[in-house]
Amino acid sequence: MVRAAALDVLRALRLGEARVFAAALDDPGIAVRTEAVRALVSVAAVRPPAGAADDPSREVRVTVAKALATVSRRPSPRPTGICSPPLWTG
C-alpha cells in the first residue's frame, strides 16, 4: 500500500519518470501495478501500460483498458493533415 501511495504522490506532483513507473508494473502488489498504469498515462507513456494488458489481475487489466481509452481520446497536439489538401472540390 505504501508503494502504491508513493507512486500516486509522484504522479500527482509530476516528479516521476516513465522508467520508474514502468518498473512498478512488475511489482507483486495489485495496487502498485494499478497506480503504475495510471502514472504512466499521466506522463503520456502508452507502450508500457499496453504491455500490462495481459496482467493476471483483472483490476489491472481494466485500469489498462480505461487508461488506453483516455490516451486515445486526447486531442492531437498538431493537425494530422488527413484532409489537406482536400480530395474533392465543390
Side-chain angles (χ1 to χ4, degrees):
M1 196 63 142
V2 173
R3 294 183 314 275
L7 288 174
D8 187 38
V9 169
L10 287 173
R11 178 194 54 78
L13 296 176
R14 299 185 186 275
L15 295 175
E17 298 177 356
R19 64 180 178 79
V20 172
F21 298 141
L25 291 174
D26 295 327
D27 194 275
I30 293 171
V32 176
R33 295 194 310 270
T34 301
E35 284 302 325
V37 169
R38 291 183 182 128
L40 283 163
V41 170
S42 75
V43 295
V46 177
R47 285 185 190 237
D54 62 353
D55 192 278
S57 166
R58 181 180 184 276
E59 184 177 347
V60 175
R61 293 190 310 267
V62 168
T63 303
V64 169
K66 289 179 180 179
L68 294 177
T70 300
V71 171
S72 69
R73 284 185 291 205
R74 289 183 182 165
S76 177
R78 56 181 162 61
T80 59
I82 293 173
C83 293
S84 41
L87 299 175
W88 64 91
T89 58

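All figures in this text were calculated on a predicted structure; none of them were measured in a lab. Worth knowing before you read on, the calculation uses all heavy atoms, side chains too, and leaves out hydrogens, waters and symmetry mates.
- When the options D8, D26, D27 are evaluated for a salt bridge (Lys or Arg N to Asp or Glu O under 4.0 Å) with R3, the one that passes is D27.
- Scanning for side-chain contact (heavy atoms from CB on, under 4.5 Å) contacts around A4 gives A31, V32, E35, with sequence neighbours left out.
- R38 places no side-chain N or O within donor-acceptor distance of the main-chain N or O of A67, the cut-off being under 3.5 Å.
- Shortest non-hydrogen contact noted between S42 and R14 is O-NH1, 4.3 Å.
- L13 and V2 sit in two unconnected hydrophobic clusters of ILVMFWY residues. Membership requires side-chain heavy atoms under 4.5 Å apart, directly or through other members.
- Under a hydrophobic-cluster definition in which Ile, Leu, Val, Met, Phe, Trp and Tyr are linked whenever side-chain heavy atoms come within less than 4.5 Å, directly or via other members, V62 and L7 are assigned to different clusters.
- The two atoms that bring V64 and A50 nearest to each other are CG1-CA, 4.4 Å, heavy atoms only.
- A donor-acceptor pair under 3.5 Å links the side-chain atoms of R61 to the main chain of P56, judged by distance alone.
- Cluster annotation: V60 and M1 are assigned to distinct hydrophobic clusters (Ile/Leu/Val/Met/Phe/Trp/Tyr, side-chain heavy-atom contacts under 4.5 Å, transitive).
- Residues L25 and L40 are in side-chain contact: their nearest non-hydrogen atoms beyond the backbone lie under 4.5 Å apart.
- When all heavy atoms of F21 and A36 are compared, the pair lying nearest together is O-CB, 3.4 Å.
- Closest approach of P49 and V37 over heavy atoms only: CB-CG1, 4.1 Å.
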